[in-house]
Amino acid sequence: MAPVAAFKGGPILGIETSCDETSAAVVDEDGIRSLAIASQDAHAAFGGVVPEIAAREHIRSLDAMVRHAMREAEVGHADIAGVGVTAGPGLVGALLAGVNWAKAYAFARGLPLLGVHHMEGHLFGTALEHESAQPPFIGLLVSGGHTLLLQARAWGSYRLLGQTRDDAAGEAFDKVARRLGLPYPGGPQIQRAAERSAAARGTAGGAAGRFRLPRPMLSRRDLPGDPAYYDMSFSGLKTAVARIAGQLEEEGALADAVDDLAADFQEAVVDVLAEKTRRAVEQTGCRRVVLGGGVARNSRLREGLAERLGSSGELYAPSPRLATDNAAMIAAAARFRLARGERSPWSLNAEAALAFPGLA
Ligand code: KG4
Ligand code: ZN
């Protein structure tokens with residue numbers, strides 16, 4: 001083995017395998033040089049991600065993704081200056097596939113290795129596309145496994161403001177979609193159904209307003225300092241939708257109501273997320289809001305956030321490609337930490353519930 005070189009800048013190879021996207025990317029000081037993503041479609045038939053299938057698919061396609069990313073970036077092995085890999089949170093078998101690949105590659109090439117927190121990666125993903133998405137900012141991270149509202153004082157230094165107490169926002173989208181008979185992954189299906197509802201009713205992208213759904217943990221009586229001021233909950237909302245769906249089903253009226261129900265559900269989620277984010281901007285005086293995670297693909301969420309923030313905030317949202325799990329964001333997060341002199345040991349492990357780094 002070659003001695004591990006110090007990181008002096010240059011292209012970072014990023015690897016992401018935390019869920020059902022196998023991704024490799026090359027990122028340097030100028031930004032994204034290449035990004036390859038293989039979305040595993042083997043899970044759709046099961047209505048959700050099957051962990052063992054995910055791990056095996058990663059092992060099958062990771063080598064091809066890396067070759068693809070390096071070819072597109074026009075770099076050879078000798079050009080790579082460091083390796084970043086998602087170490088958690090996520091499915092442990094899926095994570096291990098990427099972690100072991102990255103360790104073997106870095107070890108063989110004598111390169112510094114950095115294990116990245118997937119959700120911190122999502123913040124860097126948005127920053128890759130927006131020059132001004134820099135701390136201090138309010139971060140709203142919404143994915144299939146997490147929903148976090150935080151204040152970033154500097155890169156690597158965060159204050160957690162609030163989080164979901166039960167289901168993540170994306171998880172609620174997926175579960176509601178399933179209850180409404182829409183295919184997996186549910187998030188984009190709910191958005192499409194809501195768009196059909198809006199078009200049919202002539203409302204501007206918003207909810208049909210046909211079903212009255214709760215806004216969990218959102219009350220005018222919430223005060224700054226209460227944990228409930230920023231915390232969220234989506235499980236009760238999901239149950240409320242399921243109850244209405246059950247009634248409609250008995251009346252044989254569900255099929256005709258799916259689009260409207262999806263629209264009202266989406267509007268309730270957007271309402272809660274947008275208001276909690278507005279509160280964070282108001283209380284901290286941080287104007288910039290950085291959105292990240294798969295649910296950031298939801299156009300109604302971006303619209304609702306921009307509306308609610310008005311002129312008091314600046315919203316930075318990722319493009320669909322960078323909102324989805326990808327290795328460019330992981331390489332960018334690794335770059336930041338490698339440049340600070342951080343390293344992960346060869347004993348780096350995958351952690352399904354890895355804690356968010358740098359929380360004060
Ligand atoms: O960040 P991500 O790609 O993977 C995780 O880290 O979990 O997020 C995946 C989640 C899924 O729950 C998916 O349904 C949701 O993002 N999602 C959406 C949309 N596109 C993806 N949710 C709402 N609207 C969308 N358009
Ligand atoms: Zn993610």
Side-chain angles (χ1 to χ4, degrees), residues 14-23 25 35 37-41 43-44 47-49 51 54 58 86-92 94-95 98 116-126 139-148 163-164 167-180 182-196 198 205 234 237-238 241 262-263 265-270 272-274 290-305 317-330 332-333 352-354 356:
I15 303 287
E16 153 67 37
T17 65
S18 66
C19 193
D20 58 347
E21 259 88 28
T22 312
S23 180
L35 171 56
I37 307 175
S39 291
Q40 304 174 359
D41 37 22
H43 305 282
V49 177
H58 289 314
T86 307
L91 301 170
V92 78
L95 289 164
V116 171
H117 188 284
H118 179 84
M119 298 311 290
E120 187 186 34
H122 274 299
L123 293 175
F124 279 92
T126 305
L140 176 64
L141 293 172
V142 278
S143 75
H146 296 84
T147 306
L148 301 168
Q163 59 188 323
T164 181
D167 292 355
E171 186 181 359
F173 268 93
D174 294 336
K175 287 178 175 171
V176 163
R178 192 174 188 154
R179 182 64 191 84
L180 298 182
L182 300 168
Y184 180 88
Q189 298 288 335
I190 295 273
Q191 178 178 330
R192 242 167 274 150
E195 283 163 2
R196 285 194 298 269
F234 296 107
L237 175 61
K238 169 194 70 188
V241 174
F265 162 75
Q266 176 175 273
E267 206 57 18
V269 174
V270 169
V272 171
L273 291 173
V290 171
L291 181 64
V295 185
R297 294 184 68 139
N298 188 280
S299 55
R300 182 62 198 144
L301 174 61
R302 298 196 302 270
E303 229 173 71
L305 276 167
S319 69
R321 189 162 91 123
L322 273 269
T324 305
D325 289 347
N326 69 85
M329 68 185 199
I330 301 305
L354 186 64
F356 203 95

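Side-chain atoms are counted along with the backbone in the values below, which use heavy atoms only and exclude waters and symmetry mates. Each ligand, and each atom within it, is numbered from 1 in the order the structure gives.
Counting heavy atoms closer than 4.0 Å to ligand 1, residue His146 contributes nothing at all.
Heavy atoms only, all atoms of each residue included: Ala94 and Ala54 are closest at CB-CB, 4.5 Å. Of all the heavy atoms in Thr17 and His58, the pair that sits closest is O-NE2, 3.2 Å. Closest approach of Ala323 and His122 over heavy atoms only: O-CE1, 3.3 Å. What you find for Arg302 and Ala317 is that their closest heavy atoms are CD-CB, 3.4 Å.
Taking the Zn ion (ligand 2) as reference, Asp325 places its N/O/S atom OD1 nearest.
Checked against a 6.0 Å centroid threshold, the rings of Phe265 and Phe173 count as neighbours.
Residue Asn298 has at least one N or O atom closer than 3.5 Å to an N or O atom of ligand 1. The N/O atoms of Gly144, backbone and side chain alike, include one that comes under 3.5 Å of an N/O atom in ligand 1. Ligand 1 has an N or O atom lying under 3.5 Å from an N or O atom of Gly170, backbone or side chain. Considering backbone and side-chain atoms alike, Gly294 places an N or O below 3.5 Å from some N or O of ligand 1. The shortest N or O to N or O distance between Gly187 and ligand 1 is below 3.5 Å.
Checking His146 against the Zn ion (ligand 2), every N/O/S atom stays at or beyond the 2.8 Å cut-off. Not a single N, O or S atom of Cys19, from either the backbone or the side chain, sits less than 2.8 Å from the Zn ion (ligand 2).
Under the 4.0 angstrom criterion for non-hydrogen atoms, His122 is in contact with ligand 1. For Pro188, the heavy-atom gap to ligand 1 drops under 4.0 angstrom.
Within the 3.5 Å criterion, the main-chain N or O of Leu354 finds a donor-acceptor partner in the side chain of His117. The backbone N or O of Ala327 lies less than 3.5 Å from a partner atom in the side chain of Ser23, making a donor-acceptor pair. Between the side chain of Thr86 and the main chain of His118, no donor-acceptor pair closer than 3.5 Å is present. At least one donor-acceptor pair under 3.5 Å links the side chain of Asn326 to the backbone N or O of Met329.
Ranked by closest heavy atom to atom 13 (C) of ligand 1, the top entry among Asp174, Leu301, Val295 is Asp174.
A salt bridge links Arg300 to Glu303: one of the charged nitrogens lies within less than 4.0 Å of a carboxylate oxygen.
When hydrogens are left out, the protein atom nearest atom 6 (O) of ligand 1 is His118 NE2, 3.1 Å; that is the closest non-hydrogen contact. Counting only heavy atoms of the protein, atom 3 (O) of ligand 1 lies nearest to Asp325 OD1, 3.3 Å. Among all non-hydrogen protein atoms, the one lying nearest atom 26 (N) of ligand 1 is Gln191 OE1, 2.8 Å.
For His118 atom NE2 and His122 atom NE2, the angle they make at the Zn ion (ligand 2) is roughly 90°, to 10 degrees.
Numbered from 1 in the order shown, with element, the atoms of ligand 1 that lie under 4.0 Å from a heavy atom of Gly145 read 7 (O).
For Arg196, the CZ atom sits in a packed shell: over 12 heavy atoms of surrounding residues, nucleotides or ligands are nearer than 6.0 Å.
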